[in-house]
Structure formats: structure tokens, C-alpha cells
*Asks:* 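This is the structure I want to talk about, given as C-alpha cells.
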Amino acid sequence: MRGTRRTRTAHTRHTTHTVRGRLAVLAAAVLVAATGLPSTPAAAHDGHEPLRAAMRAEAGTAVGGDGIPGVIARTYRDGVSWTGTEATDAGTPVRDPDSPFRAASITKIFTATTALQLVAEGRVRLEDDVFGLLGPVLKTNPVAGCNLSTGQCFNPPPGSPPVTVRNLLQHSSGVFNYLGDLGVLASAGSSFPHLPQYSAQQLVDEGASHGPQFAPGAGMHYSNTNYVLLGMVIERVTGQPWADEITRRVIQPLGLSHTVLPGSTATLPTPHDQFFTNYLRPRGLFGHFSVPAADWNPSIGGAAGAIVSTSGDLVTFIRALLGGRLLPPAQLAQMMTDLNPTGAGAPGPLPGIPCDPARAWPECIVNPAISTASSGDRATPGYWYASRPWKAVQADYGLGLTRRTITCANGSTVTLYGHNGGGFGSLSYLYSTADGSHAIVLNMNGDWPLWEMYSLNGMLAAEFCTA
């Protein structure tokens with residue numbers, strides 16, 4: 001950063017609703033999200049100072065900070081809605097907490113919800129063979145590296161079970177993540193922001209060309225290809241484009257008027273905040289004004305990551321989902337508890353830590369301020385996190401939902417459900433307690449945090465461990 005840095009609070013407000021019963025609470029939230037009713041200014045000390053401090057640390061450029069241009073937050077708890085923003089310095093444009101942004105992999109919750117609605121309707125089963133539904137979509141592949149003489153490049157080991165719809169939902173299929181393909185990344189990097197137009201089949205081809213990572217059901221590999229395949233399943237079962245089905249079944253019934261699945265439309269709805277990317281630079285080099293990243297072709301995300309939304313719409317969505325408005329009880333329970341089998345980690349070796357940081361999955365991140373245990377990132381800034389109210393966070397993956405269990409500084413635990421979303425110029429986080437009564441949306445308009453999961457855990461703990 002050039003010039004004198006001044007981390008500041010750009011905006012904070014809250015709205016209080018007087019309600020009777022759960023339906024009134026939800027109705028009030030939907031009304032505010034849909035109409036944009038003004039909020040009253042928050043008091044100087046409104047109970048969110050721990051969260052605001054964590055946001056300031058992420059926006060700051062001091063030692064341990066990531067220098068994110070702007071961070072916005074929206075929380076909802078028992079009828080009270082609060083929004084706040086933090087910016088890096090006085091020269092950074094103030095962010096609007098109602099601005100649309102690319103929510104990236106939060107799309108997966110919408111796609112999973114639609115797939116599970118079809119399960120509830122008896123139109124598809126979790127045990128259904130994806131090849132049986134789609135044909136040899138993973139095996140007939142023109143991408144270099146496949147065995148073109150047989151037309152098969154995705155061949156699980158002999159005797160393996162089929163790839164099922166459940167495998168796709170919980171990332172246990174073994175299908176490679178197309179965004180891990182160097183060719184895809186090189187193409188995106190060289191053309192940004194004018195990204196190529198990708199069809200679903202092209203994205204699947206890129207993932208399948210790497211062959212299976214393991215036998216179906218035998219591991220965990222987070223793969224956007226799984227959710228592009230789920231979009232294809234939705235289309236095959238319904239006869240309609242996957243985006244139309246999600247819109248008809250989820251977005252429209254909830255009145256999410258600021259949420260769109262834009263196809264190949266590169267421009268964000270206006271007005272919107274500024275967004276900046278460093279994905280195309282060596283990690284660790286700041287300079288967020290170098291590459292604007294608001295407008296680019298989102299077809300590279302497809303049913304895995306194309307959605308555009310706002311903090312208000314996302315809070316309405318997660319509360320409706322966990323409140324039972326979108327899925328029958330059986331499917332909602334499966335979504336939350338049918339975890340990837342490799343995620344059933346044993347208790348960790350550290351006192352008070354419920355997960356083992358030596359395991360690759362479940363994701364287990366230990367606050368480096370309380371332990372020297374390796375947590376997958378050996379350069380973590382322990383001095384920055386010394387005052388954060390958390391010891392460890394374990395993340396497990398269900399059917400489109402991440403279950404994130406925070407061990408707070410006092411040893412208590414908080415379990416949240418939601419998803420992260422990261423793309424060019426934007427990092428987003430949507431989490432809620434199991435009943436939808438306490439939720440949070442966070443968005444950063446820069447994509448280069450060096451220790452993303454640590455800063456996320458710090459912000460989540462600041463909101464939920466001090467509640």
C-alpha cells in the first residue's frame with residue numbers, strides 16, 4: 001500500500017424486529033431482504049466489536065494483515081439483523097453491505113438443495129449410478145491424456161462401486177477437480193478478464209482426463225467437477241436447464257430478487273462494489289488495485305460456482321434451508337449428517353482439540369497461538385491470532401453443506417453449517433447454526449489472504465464464540 005494507512009469502520013447498522021414465533025421472524029427477514037428497508041444506526045457499542053475487530057485485522061496492512069480492500073458482514077440473530085464494513089484505508093471506496101457479489105462455491109448449496117428435492121420427489125436416488133443417468137459422460141473424452149483408443153479416461157479400479165449421486169454431493173466420487181488442471185488455469189490466467197466460454201461437458205472432460213483419484217466412496221477430493229455433473233443430472237431428470245430449475249425451485253419461492261445464475265453474462269448487476277484479484281500474481285504480493293475483477297465470464301463455475309447474490313439474500317436462503325422451508329425433514333437431515341466417510345476423524349492428540357491436525361481430512365485447523373502442531377500451513381502468523389477466541393476448527397462435508405465445528409477459547413463448541421466461496425476478486429462465507437436462528441455472511445473484495453482459513457475462523461469465532 002502507498003501512503004498512510006488508516007484502517008477504519010466504513011459502515012455499521014442494525015435492524016431489530018419484534019416477532020411472535022418462528023414464522024414471523026422469517027417473514028420479517030424476507031421482507032427486509034426483498035424490499036431493502038432502511039436500517040437504523042447501530043449504537044457505538046452494539047455487541048459486534050469482536051467481529052469488527054477481526055474484520056479490521058483482515059483489512060489491515062499491519063503485520064499479519066492481508067490488506068483486503070474491503071470486508072462486509074451481515075449477521076442475523078433471533079430477529080436482529082446487523083451489517084458492517086471495514087476498509088483498508090481512507091482511499092479505499094466504502095463498500096455497500098447490500099452490493100451484489102460473486103458467491104462462487106456457495107452455489108453448491110443451491111445445486112445440492114435442488115438435487116435433494118428431486119430425491120424427495122422420487123425422481124432420482126442417492127444410490128443411482130451417474131453413468132446410468134448420464135451415459136459414459138466421464139469416459140468419452142477428447143482431452144489429451146485420455147486413452148483415445150478405448151475412449152475411456154476415467155476408469156476406477158476393477159471391482160469398484162459405481163459413482164453415485166451421493167458421491168457427487170459429498171465429494172467422494174474420485175473425479176478430479178477441473179480447476180486443478182494446469183491447462184484450465186493457464187487459459188483463464190492468460191485471457192482474464194475475457195475468460196473462455198465453457199460448456200458443462202468441457203469442464204467435465206477436463207476433470208475426467210486426470211483419471212480417478214480413488215475408488216468411488218473411498219476418499220475425499222473437493223472437486224467442482226462433481227457439482228457440474230450434478231447440474232447435468234438435474235437437467236437429465238427434469239428436462240430443463242439446471243439454472244432454470246434452481247431458479248424455479250429455490251430462488252423465486254424465497255423472493256431472492258438479487259440472486260441470479262448468470263450463465264455466461266460477464267457483467268455484475270449494478271450498482272456494485274469494486275473487486276480486485278491477485279490470482280494471477282505470485283502469492284504474497286499485495287497490490288490489490290492492479291487487476292479489477294468485477295466482470296468476467298462465470299461459465300467456468302457452472303453449477304459448482306456461478307451464482308451472484310447479496311448478503312441479505314444469502315441470509316434469507318440459509319435460514320429458509322435450515323428452517324425446513326426447502327427440503328423435507330429426511331432430506332435436510334441427510335444434507336447435514338450424511339458426511340463424507342473419510343471425515344469421521346478421531347479426537348486429536350491435543351487437549352481440548354476435537355480433531356487431528358495431522359489428517360488431510362477432515363479439515364482441522366488449530367490456532368497457532370495455542371499449539372505448535374502442524375495445521376497444514378507452516379507459515380501461520382501466530383502473533384496475529386493470539387487474542388482470537390478459538391482453539392481449533394474442524395470442517396466435515398455433508399451433502400452440499402460444510403459442517404464447521406469451532407472449539408472456542410473457553411472449551412465450548414459451536415457447530416455451524418454453510419459453505420465457502422472463492423473466485424476471481426471475491427471470497428465469500430455463509431454459515432449458520434443448525435436451526436437458522438443465528439447466521440452470518442462475509443465477503444471480501446480481494447482474493448489473496450495468505451492464511452484464509454485462519455482469518456475466516458477468527459471472524460466466525462468472534463461472532464459465535466462471544467455470543
Side-chain angles (χ1 to χ4, degrees), residues 100-108 110-111 134 136-146 148 151 153-154 168 175-211 221-235 241-244 246-247 260-270 272 274-283 290-309 421-428 445-448:
F101 52 83
R102 299 185 188 278
S105 282
I106 291 173
T107 308
K108 291 179 174 67
F110 287 76
T111 301
L134 300 179
V137 65
L138 288 169
K139 295 185 177 184
T140 304
N141 193 317
V143 175
C146 296
L148 297 180
C153 61
F154 186 85
L168 299 181
V175 180
F176 187 76
N177 180 13
Y178 63 83
L179 285 181
D181 182 271
L182 294 180
V184 173
L185 295 177
S187 175
S190 63
S191 62
F192 189 85
H194 307 293
L195 299 185
Q197 173 69 24
Y198 291 97
S199 69
Q201 187 63 62
Q202 284 176 303
L203 297 176
V204 169
D205 288 346
E206 294 291 352
S209 69
H210 291 263
H221 174 70
Y222 183 89
S223 175
N224 289 284
T225 316
N226 287 324
Y227 276 74
V228 173
L229 284 165
L230 277 172
M232 297 171 76
V233 168
I234 291 169
E235 292 188 350
W242 64 267
D244 290 354
I246 293 176
T247 300
V260 294
L261 291 161
S264 60
T265 301
T267 54
L268 272 180
T270 56
H272 62 72
Q274 298 182 37
F275 297 87
F276 309 94
T277 183
N278 262 6
Y279 269 171
L280 313 182
R281 309 176 109 205
R283 200 160 171 80
S290 57
V291 183
D295 298 333
W296 45 274
N297 185 340
S299 65
I300 195 171
I307 206 163
V308 172
S309 191
F424 290 114
S426 182
L427 297 176
S428 306
N445 65 345
D447 55 28
W448 55 84

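Heads up: numbering here begins at 1 and tracks the sequence.
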*Asks:* Looking at every heavy atom in both Pro100 and Pro269, which two are closest together, and how far apart are they?
*Replies:* CG-O, 3.4 Å
*Asks:* So do the side chains of Leu229 and Val204 get within less than 4.5 Å of each other, counting heavy atoms only?
*Replies:* yes
*Asks:* Closest heavy-atom contact between Val228 and Ala303?
*Replies:* CA-CB, 4.4 Å
*Asks:* Taking only residues two or more places apart in sequence or in another chain, which ones pass ring-ring contact (aromatic ring centres under 6.0 Å, His included) with Phe101?
*Replies:* none
*Asks:* In Å, rounded to the nearest 0.5 Å, how long is the span from CG of Asp447 to CG of Leu427?
*Replies:* 6.0 Å
*Asks:* Using modelled atom types only, decide if a donor and an acceptor are shared between the side chain of Ser190 and the backbone of Ser187 within a distance under 3.5 Å.
*Replies:* yes
*Asks:* With sequence neighbours excluded, what pairs up with Leu261 under the side chain to side chain contact (heavy atoms under 4.5 Å, CB included) test?
*Replies:* Thr107, Trp242, Ala243, Ile246, Thr247, Ile251, Ile307
*Asks:* Just how far is it from atom CG of Leu134 to atom CE of Met232, taken to the nearest 0.5 Å?
*Replies:* 5.5 Å
*Asks:* Spell out, as yes or no, whether a donor-acceptor pair under 3.5 Å connects the side chain of Arg102 to the backbone of Ala294.
*Replies:* yes
*Asks:* Going by side chain to side chain donor-acceptor pair (under 3.5 Å), name the residues that satisfy it together with Ser191, two or more places apart in sequence or in a different chain.
*Replies:* none
*Asks:* Measure the spacing between CD of Gln274 and CG of Leu268 and express it to the nearest 0.5 Å.
*Replies:* 12.0 Å
*Asks:* Once ring-ring contact (aromatic ring centres under 6.0 Å, His included) is applied, do any residues pair with Tyr198, and if so which ones, sequence neighbours excluded?
*Replies:* none
*Asks:* Test side chain to side chain donor-acceptor pair (under 3.5 Å) on Gln197 and Asn297; report intermediate values, then the result.
*Replies:* CA-CA 7 Å; Gln197 173 69 24; Asn297 185 340; 2.9 Å; yes
*Asks:* Closest heavy-atom contact between Ala306 and Pro298?
*Replies:* CB-O, 3.8 Å
*Asks:* State, to 0.1 Å, how close Gly422 and Ala104 come at their nearest heavy-atom pair, and which atoms those are.
*Replies:* N-CB, 3.4 Å
*Asks:* Ignoring hydrogens, what is the shortest heavy-atom contact between Pro262 and Val260? Give both atom names and the distance.
*Replies:* CD-O, 3.5 Å
*Asks:* Quick one: are Leu203 and Thr225 in side-chain contact, heavy atoms under 4.5 Å?
*Replies:* no
*Asks:* For the residue pair Pro292 and Phe276, what are the closest heavy atoms and their distance?
*Replies:* CA-CD2, 4.2 Å
*Asks:* Taking side chain to side chain contact (heavy atoms under 4.5 Å, CB included) as the test, write out the residues that go with Pro241, two or more places apart.
*Replies:* Glu235, Asp244
*Asks:* Quick one: OG1 on Thr265 to CG on Asp295, what's the gap to the nearest 0.5 Å?
*Replies:* 10.5 Å
*Asks:* Taking the side chain from Asn445 and the backbone from Phe275, do they hold a donor-acceptor pair closer than 3.5 Å?
*Replies:* no
*Asks:* Taking only residues two or more places apart in sequence or in another chain, which ones pass side chain to side chain donor-acceptor pair (under 3.5 Å) with Asn177?
*Replies:* Asn224
*Asks:* Any chance you could measure Leu168, atom CG, to Ser223, atom OG, to the nearest 0.5 Å?
*Replies:* 9.0 Å
*Asks:* Determine yes or no for a side-chain-to-main-chain donor-acceptor pair under 3.5 angstrom, with Tyr178 supplying the side chain and Ile300 the backbone.
*Replies:* yes
*Asks:* What residues, two or more places apart in sequence or in another chain, satisfy side chain to side chain donor-acceptor pair (under 3.5 Å) together with Ser105?
*Replies:* Lys108, Tyr222
*Asks:* Restricting to ring-ring contact (aromatic ring centres under 6.0 Å, His included), what partner residues turn up for His221, sequence neighbours left out?
*Replies:* Phe176
*Asks:* Rounded at 0.5 Å granularity, tell me how far OG in Ser309 sits from CD1 in Ile106.
*Replies:* 8.0 Å
